[in-house]
Amino acid sequence: MAEVKEFTLPDLGEGLTEAEVVRWLVEVGEVVAVDQPVVEVETAKAMVEVPCPYGGVVTARYGAEGEELAVGAPLLTVAVGADASAPAGAEGSGSGGADGGVADADGAGVAEDGGAGETSGAVLVGYGTGAPPARRRRVRPTPVSPAATPVNGVASGYGRHAVTPEVPVRAEAEAEAAEPAPGPVPVISPLVRRLARQNGVELRTLTGSGPDGLILRADVERAIEAAAAPAASAEPGAAAPAADAGEVRIPLRGLRGVVADKMSRSRREIPEATCWVDVDATGLLAARRAMNAAGGPDTPKISLLALLARICTAALARYPELNARVDTDAREIVRLERVHIGFAAQTDRGLVVPVVRDAHARSAESLSEELGRLTGAARDGSLTPGELTGSTFTLNNYGVFGVDGSTPIINHPEAAMLGVGRIVPKPWVHEGELAVRQVTQLSLTFDHRVCDGGVAGGFLRYVADCVEQPAVLLRGV
């Protein structure tokens with residue numbers, strides 16, 4: 001007899017609590033091997049292929065492509081054992097695993113985890129698939145009438161996650177007179193709880209349309225619409241429907257949502273200030289050409305961004321106040337000994353900030369190699385969460401977009417960010433004479449809690465001096 005095992009979305013590390021299903025790599029009824037990637041998800045930080053710890057036949061999938069699932073929500077179920085060739089269910093979809101389900105041949109529902117079967121030793125960040133899975137309560141099926149309609153291949157009413165095809169509707173008078181029931185609220189999905197909390201919906205007043213009165217996302221959304229409709233109709237001179245204005249709504253979720261949250265938090269918490277200076281970069285460009293020429297045709301070239309990163313590490317050694325963060329709870333400035341430089345990289349998924357670890361201990365050649373590797377990984381979406389977190393200072397080369405200057409928002413919880421504009425030929429007074437030189441603008445945005453203008457100005461001036469005369473760096477070698 002095959003045993004049906006449930007595989008839930010693992011903890012992908014770095015404090016992530018949810019992920020968006022990007023692409024399913026297996027179909028219901030397909031045989032999977034231990035540690036075979038079964039789904040590609042997008043977290044707030046990276047694209048990740050999730051391997052399944054069980055080998056057998058996929059009996060159900062949870063979550064449609066583009067849907068967000070919470071950590072711990074069901075991803076899929078796998079029939080493991082001698083009869084695994086006979087799938088027990090079919091694909092389901094729902095919020096946080098609240099919808100979709102599977103029943104075995106006896107109609108006994110999903111079996112308890114932790115039984116015999118092949119498991120993997122693969123380890124995701126914060127999640128060891130070789131550990132014994134949490135035991136789950138066996139749930140008896142809900143009786144189904146002969147007229148019950150199958151939903152995604154599963155008869156509605158079967159299993160803990162079954163979808164009820166028809167939502168019970170109560171009369172308005174009865175709904176108004178209903179009192180909140182005591183005891184725990186029948187909600188499984190944390191996403192449903194969050195949706196209700198954000199929109200001020202009292203879950204105890206709702207009647208769930210799921211099995212045994214389980215409150216689903218659709219129930220909360222209907223409550224939100226019902227609450228909004230009277231207000232909209234009562235408002236005099238209400239605006240025309242959004243559709244008439246050609247309005248397009250884009251959900252703030254995944255990477256875009258995390259960027260929005262982080263930038264908003266940075267602006268709320270950090271009293272930032274910006275100073276800038278125009279710099280003659282002709283000397284830096286000449287130094288780069290000389291370095292690459294000395295290396296020979298087969299030697300990897302040193303990038304301009306690597307030289308700027310090397311200058312930043314030297315400047316942070318002189319002004320360690322800017323390699324810091326503020327612990328708001330303890331009301332302390334935390335200065336950091338190691339320098340992890342983040343750099344802004346624009347990708348098809350949006351803006352990401354890969355991190356060069358221990359940049360202070362790297363040469364210009366090593367920095368160039370690591371920057372190139374991380375840039376390639378950012379473009380193909382293979383960056384890991386660990387490569388996108390932990391930066392202590394950010395370098396933002398917005399000059400690649402053809403702009404001269406910017407006042408960037410600090411990458412929370414860092415204390416500073418250096419911006420570099422485009423390098424263009426401009427008239428410049430050089431050695432007492434007017435000449436055409438390669439000029440750029442440098443801007444430093446800093447947290448005014450960690451230092452005053454004197455430190456920020458000193459840091460920026462040192463960086464500018466190194467750009468204009470790279471030999472200044474030799475003083476610290």
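The basis for the numbers below is simple: all heavy atoms, side chains too, and nothing from hydrogens, waters or symmetry mates. None of these values were measured; they are calculated from a predicted model.
Checking side-chain atoms of S366 against main-chain N and O of S363 turns up no donor-acceptor pair under 3.5 Å. Not one N or O on the side chain of S266 forms a donor-acceptor pair closer than 3.5 Å with the backbone of K262. At least one donor-acceptor pair under 3.5 Å links the side chain of H340 to the backbone N or O of D358. Side chain of N199 to main chain of A196: no donor-acceptor pair is present (N/O by atom type, distance under 3.5 Å, no hydrogens or angles). Of the possible polar contacts, one joining the S368 side chain to the S303 backbone as a donor-acceptor pair under 3.5 Å is found. Between the side chain of N323 and the backbone N or O of R338 there is at least one donor-acceptor pair closer than 3.5 Å. Judged by distance alone, with hydrogens and angles left aside, the side-chain atoms of S264 form no donor-acceptor pair with the main-chain N or O of D261 at under 3.5 Å.
Few gaps surround CD on E269; more than 12 heavy atoms of other groups in view lie less than 6.0 Å from it. Other residues, nucleotides and ligands place more than 12 heavy atoms under 6.0 Å from the CZ atom of R357. Heavy-atom neighbours of Q36 CD from other residues, nucleotides or ligands within 6.0 Å: above the threshold of 12.
The CE atom of M417 lies 5.5 Å from the CG atom of N396; values are rounded to the nearest 0.5 Å.
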Review point. Should T445 and T274 be marked as a side-chain hydrogen bond (donor to acceptor under 3.5 Å, both in side chains) after you check the CA-CA gap, both sets of side-chain angles, and the distance that decides it?
Key: CA-CA 4 Å; T445 300; T274 302; 2.9 Å; yes

Practice item. Would you please test T392 and E414 for side-chain hydrogen bond (donor to acceptor under 3.5 Å, both in side chains) and show each step? Key: CA-CA 6 Å; T392 64; E414 297 170 18; over 6 Å; no

Review point. Given the rule in the side-chain contact (heavy atoms from CB on, under 4.5 Å) test, do V352 and L388 qualify, once you have shown the distances and angles that lead to the verdict?
Key: CA-CA 7 Å; V352 295; L388 287 164; 4.0 Å; yes

Check your understanding: Would W24 and L75 count as a side-chain contact (heavy atoms from CB on, under 4.5 Å) if you check the C-alpha gap in whole Å, the side-chain angles of each, and the deciding distance to 0.1 Å?
Key -> CA-CA 10 Å; W24 282 103; L75 267 181; 4.2 Å; yes

Practice item. Quick one: do E49 and L25 satisfy side-chain contact (heavy atoms from CB on, under 4.5 Å)? Show the steps, please. Key: CA-CA 9 Å; E49 287 187 351; L25 306 178; 4.2 Å; yes

Exercise for review: With side-chain contact (heavy atoms from CB on, under 4.5 Å) as the test, would you mind laying out the steps for L374 and V356 before giving the verdict?
Suggested key: CA-CA 8 Å; L374 291 170; V356 178; 3.8 Å; yes

Review point. Yes or no on salt bridge (charged side-chain N to carboxylate O under 4.0 Å, His left out) for R310 and E365, after CA distance, side-chain angles and deciding distance?
Key: CA-CA 10 Å; R310 180 66 186 88; E365 186 175 352; over 6 Å; no

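Taking E321 as the reference, nothing meets the salt bridge (charged side-chain N to carboxylate O under 4.0 Å, His left out) condition, with sequence neighbours excluded.
What you find for S391 and T394 is that their closest heavy atoms are OG-OG1, 4.3 Å. Across all their heavy atoms, G390 and V355 have their closest contact at C-CG1, 4.4 Å. The minimum heavy-atom distance linking A416 with L322 is given by the pair CB-CD2, 4.0 Å.
Counting only heavy atoms from C-beta outward, the side chains of R265 and I270 never approach each other to under 4.5 Å. Counting heavy atoms from C-beta on, the side chains of D447 and V326 come closer than 4.5 Å. Side-chain contact between T77 and Y62: present, with at least one pair of heavy atoms (C-beta onward) separated by less than 4.5 Å. Two residues are said to be in side-chain contact when any heavy atoms from C-beta on lie closer than 4.5 Å; F343 and L305 meet this criterion.
Counting only N and O atoms by type, the side chains of Y398 and S443 include a donor and acceptor under 3.5 Å apart.
F393 and F459 have tilted rings, their planes meeting at an angle from 30° to 60° on a 0 to 90° scale.
Using a cut-off of 4.0 Å between Lys/Arg side-chain N and Asp/Glu carboxylate O, R222 and E225 are scored as not salt-bridged. No salt bridge links R61 with E30; every basic N to acidic carboxylate O contact stays at or beyond 4.0 Å. R267 has a carboxylate O that lies under 4.0 Å from a charged side-chain N of E272, or vice versa, which qualifies the two as a salt bridge.
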